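Remarks on the structure that follows.
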Amino acid sequence: MFRRGERVGEVTMLYGLLLPSGNDAAIALALRVAGTQRAFVALMNRTARRMGLTCTHFASPSGIVDEGNYSCARDLARLSREVLARPLLRRIVGTQYAVRSQPVKKQPRIYMSNHNTLMKRGYAGVTGVKTGYTQAAGSCLVASVRRGRRHLGLVLLASPNTGEQGAQLFDTAFARLGG
């Protein structure tokens with residue numbers, strides 16, 4: 001958890017945002033990019049419209065507050081393709097464990113682990129992407145797996161067990177595709 005006045009690099013904050021779903025990192029990045037959370041939310045919504053995300057709306061930088069934040073599987077899949085197309089973000093979401101240095105005397109290193117349930121299970125070929133949970137949405141997983149020349153993705157919303165369901169769906173898809 002970041003404390004007021006601490007200086008933490010943007011890449012470290014991205015790791016904190018994308019691996020353990022750090023709400024403090026989401027807010028810090030929003031403030032750095034747009035000056036206020038409100039301005040950042042407006043920027044996110046403009047970007048969503050420009051990307052053609054027709055069932056997505058943001059009300060907060062972190063998404064932890066359910067009211068006003070919503071999306072659908074199609075839009076989340078489109079967002080994940082955008083993340084995976086960006087080398088830095090692809091590297092971050094594909095990382096299982098990260099140790100980042102920071103210039104804070106009490107905690108010179110930050111240790112983070114990815115909450116991706118398929119990655120935690122050691123599922124073969126996982127390349128990312130992101131988990132999520134809110135009271136309204138339940139447990140969610142946007143994941144991608146590469147095997148040979150095939151790279152598949154899935155979106156699970158309100159899943160009773162994202163790791164189990166995700167593994168079953170990927171196993172079935174790769175079996176049917178012959179990979």
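Computed from a predicted model, the values in this text were never measured in an experiment.
- Panel note: side chain Asn23, backbone Ile64; no donor-acceptor pair is recorded below 3.5 Å.
- Considering every non-hydrogen atom in both Val41 and Phe58, the closest pair reads CG1-O, 3.3 Å.
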Could you walk me through whether Asn116 and Val129 pass side-chain contact (heavy atoms from CB on, under 4.5 Å), step by step? CA-CA 7 Å; Asn116 184 318; Val129 172; 5.7 Å; no
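- One finds the CE atom of Met44 at 10.0 Å from the CD atom of Gln37 (value rounded to the nearest 0.5 Å).
- For the atom pair Leu53 CG and Cys72 SG, the distance stands at 8.0 Å (nearest 0.5 Å).
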Given side-chain hydrogen bond (donor to acceptor under 3.5 Å, both in side chains), test Ser139 with Ser159 step by step and report yes or no. CA-CA 5 Å; Ser139 292; Ser159 171; over 6 Å; no
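- Cluster membership check: Val11 shares its hydrophobic cluster with Leu84, using side-chain heavy-atom separations under 4.5 Å among Ile, Leu, Val, Met, Phe, Trp and Tyr.
- Val83 is connected to Met51 through a chain of hydrophobic side-chain contacts under 4.5 Å among Ile, Leu, Val, Met, Phe, Trp and Tyr, so both are in one cluster.
- Residues Ile27 and Phe40 do not share a hydrophobic cluster, clusters being chains of Ile/Leu/Val/Met/Phe/Trp/Tyr side chains in contact below 4.5 Å.
- In this structure, the side chains of Asn69 and Ser60 come closer than 4.5 Å at one or more pairs of heavy atoms.
- Both Leu88 and Val142 are members of a single hydrophobic cluster when ILVMFWY side chains are connected at heavy-atom separations under 4.5 Å.
- Distance alone, capped at 3.5 Å, is enough to place a donor-acceptor pair between the Arg150 side chain and the Leu177 backbone.
- The distance from atom CG of Asn45 to atom CZ of Arg50, rounded to the nearest 0.5 Å, is 12.0 Å.
- Within the model, atoms CG of Leu14 and CD1 of Ile92 stand 4.5 Å from one another, a figure rounded to the nearest 0.5 Å.
- Taking both residues in full, the closest heavy atoms of Arg109 and Tyr111 are given as CD-OH, 3.7 Å, listed atom of the first, atom of the second, then distance.
- Side-chain atoms of Thr127 come within 3.5 Å of backbone N or O of Ser144 as a donor-acceptor pair.
- Counting only distance, with no hydrogens or angles, the side chain of Thr47 and the backbone of Leu43 share a donor-acceptor pair below 3.5 Å.
- To the nearest 0.5 angstrom, Phe174 atom CZ is 9.5 Å from Arg146 atom CZ.
- Judged by distance alone, the side chain of Arg100 and the main-chain N or O of Met13 form no donor-acceptor pair under 3.5 Å.
- Between the side chains of Asn114 and Tyr15, not a single donor N or O lies within less than 3.5 Å of an accepting N or O.
- Taking a 6.0 Å sphere around CZ of Arg121, one finds it holds more than 12 heavy atoms contributed by other residues, nucleotides or ligands.
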Between Ile110 and Thr12, does the side-chain contact (heavy atoms from CB on, under 4.5 Å) criterion hold? Intermediate values first, please. CA-CA 9 Å; Ile110 299 174; Thr12 298; 3.8 Å; yes
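- For Arg74, the CZ atom is densely surrounded, since the number of other residues' heavy atoms within 6.0 Å is greater than 12.
- Using a distance-only test at 3.5 Å, with no hydrogens or angles considered, no donor-acceptor pair links the side chain of Thr95 to the main chain of Tyr97.
- Side-chain N or O atoms of Asp75 include one that pairs as donor or acceptor with a backbone N or O of Thr54 at under 3.5 Å.
- At distances below 3.5 Å, not a single donor-acceptor pair connects side-chain atoms of His115 with backbone N or O atoms of Lys130.
- For the atom pair Leu141 CG and Leu154 CG, the distance stands at 6.0 Å (nearest 0.5 Å).
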